[in-house]
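Report on the following structure.
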Amino acid sequence: MKTVLLFVLFGISAYSQKDSLAVEIDGGTINRDKLEMLLNDVTRQIDEAMDLDKKSDFLSQRGVLFLAMGNYSKSNLDFLTIIEIDKGHVPEAYYYKAITNSLLGKSDCESFRKAKSLGYETDWTNVKIFCSDL
């Protein structure tokens, strides 16, 4: 269900190929080695970023990579960090925080509602899987 759910919400799906993880993002397949390279690159960029807006952009990218790789805890931490440091990215961060919490088995309708109230744009009918009142 998680794979299908991610595909519906983000255009991301993960599947195994000969004992290795492959992730499909918007129709293109990326294998685990490429994801690890992207992850290392974006982590370096986070460490080097002096501007909070750029740091938040890179944290968001890394959070989505962790999400695609199934590492929901690390993804959640990146989005929590964004909420703490950069108010400009908060609607998106609340949305992804709620997604990762939901995938970790924690209901987080409050964060979904917060993202929606701050103007995050998505197809909210898909989110009703987690919170029927959205």
Side-chain angles (χ1 to χ4, degrees):
M1 174 162 162
K2 290 178 184 176
T3 298
V4 173
L5 181 61
L6 287 174
F7 181 74
V8 168
L9 293 175
F10 312 114
I12 298 172
S13 61
Y15 54 92
S16 293
Q17 285 184 328
K18 298 180 183 175
D19 300 321
S20 66
L21 174 72
V23 174
E24 186 175 302
I25 300 176
D26 294 328
T29 301
I30 302 173
N31 66 27
R32 186 178 260 312
D33 291 338
K34 179 68 173 174
L35 284 171
E36 291 290 341
M37 285 177 32
L38 290 169
L39 188 62
N40 289 337
D41 185 49
V42 77
T43 297
R44 180 187 50 75
Q45 291 173 338
I46 290 167
D47 293 340
E48 293 174 0
M50 302 304 254
D51 177 83
L52 285 182
D53 193 50
K54 286 183 181 180
K55 187 178 281 280
S56 291
D57 285 342
F58 295 133
L59 281 164
S60 182
Q61 290 173 27
R62 187 174 72 178
V64 171
L65 284 170
F66 280 137
L67 178 64
M69 296 172 77
N71 194 331
Y72 309 132
S73 295
K74 286 185 177 181
S75 178
N76 190 274
L77 286 173
D78 280 348
F79 291 111
L80 283 170
T81 301
I82 293 168
I83 291 168
E84 291 175 14
I85 68 169
D86 182 13
K87 301 306 176 202
H89 288 80
V90 168
E92 175 185 322
Y94 272 110
Y95 178 77
Y96 282 103
K97 174 185 166 285
I99 291 291
T100 55
N101 274 335
S102 297
L103 292 169
L104 288 166
K106 304 172 193 171
S107 178
D108 196 358
C109 293
E110 183 179 326
S111 290
F112 278 126
R113 284 191 286 276
K114 182 78 169 177
K116 188 174 184 180
S117 73
L118 292 171
Y120 187 76
E121 294 182 20
T122 190
D123 181 356
W124 289 99
T125 58
N126 290 330
V127 179
K128 290 184 181 196
I129 295 166
F130 300 114
C131 303
S132 59
D133 65 334
L134 291 169

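Bear in mind that the values here come from a model prediction, so they are computed numbers and not experimental data.
- Linking Ile, Leu, Val, Met, Phe, Trp and Tyr whenever their side-chain heavy atoms come within less than 4.5 Å puts L118 and I83 in one cluster.
- In this structure, I85 and L52 approach most closely via the heavy-atom pair O-CD1, 3.4 Å.
- Interatomic distance, E48 CD to K54 NZ, rounded to the nearest 0.5 Å: 11.5 Å.
- The side-chain contact (heavy atoms from CB on, under 4.5 Å) with F58 is formed by just one residue from the set I46, D47, D41; it is I46.
- A distance of 10.5 Å separates CG of L59 from CG of L77, quoted to the nearest 0.5 Å.
- Using cut-offs of 30° and 60° for the angle between ring planes, the Y96 and Y120 rings count as perpendicular.
- The aromatic rings of F112 and F130 lie parallel to each other, with less than 30° between the two planes, well short of the 60° mark.
- With rounding to the nearest 0.5 Å, the separation of OG in S75 from CG in L80 is 9.5 Å.
- Under the 4.5 Å side-chain criterion, counting only non-hydrogen atoms from C-beta, L39 is in contact with E36.
- Summarising the local packing, CD of E110 is surrounded by 12 or fewer heavy atoms from other residues, nucleotides or ligands at distances under 6.0 Å.
- With values rounded to the nearest 0.5 angstrom, N71 atom CG is found 10.5 Å from T100 atom OG1.
- Taking the six-membered ring where the residue is Trp, W124 and Y95 present perpendicular rings, their angle passing 60° and hence far from 30°.
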Please list every donor-acceptor pair under 3.5 Å in which a side-chain atom of residues 102-109 meets a protein atom from a residue at least two apart or in another chain.
from: S102; atom 1: OG; to: A98; atom 2: O; distance (Å): 2.9
from: D108; atom 1: OD1; to: S111; atom 2: N; distance (Å): 3.2
from: D108; atom 1: OD1; to: S111; atom 2: OG; distance (Å): 2.9
from: D108; atom 1: OD2; to: K97; atom 2: NZ; distance (Å): 2.9
from: D108; atom 1: OD2; to: N101; atom 2: ND2; distance (Å): 2.7
from: D108; atom 1: OD2; to: S111; atom 2: OG; distance (Å): 3.0

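- Not a single donor-acceptor pair under 3.5 Å links the side chain of S60 to the backbone N or O of S56.
- Grouping the Ile, Leu, Val, Met, Phe, Trp and Tyr side chains by contacts below 4.5 angstrom, directly or via other members, places V90 apart from L67.
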Would R113 and D133 count as a side-chain contact (heavy atoms from CB on, under 4.5 Å) here? Give the steps. CA-CA 9 Å; R113 284 191 286 276; D133 65 334; 2.8 Å; yes
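- The side-chain heavy atoms of D57 and Q45, taken from C-beta on, include no pair separated by under 4.5 Å.
- V127 and F79 end up in the same hydrophobic cluster when Ile, Leu, Val, Met, Phe, Trp and Tyr side chains are linked at under 4.5 Å.
- T122 contributes atom OG1, which lies 11.0 Å from atom CD of E92 (distance to the nearest 0.5 angstrom).
- The number of heavy-atom neighbours closer than 6.0 Å to NZ of K114, taken from other residues, nucleotides and ligands shown, is 12 or below.
- Within a 6.0 Å radius of CD in E121, no more than 12 heavy atoms belonging to other residues, nucleotides or ligands are found.
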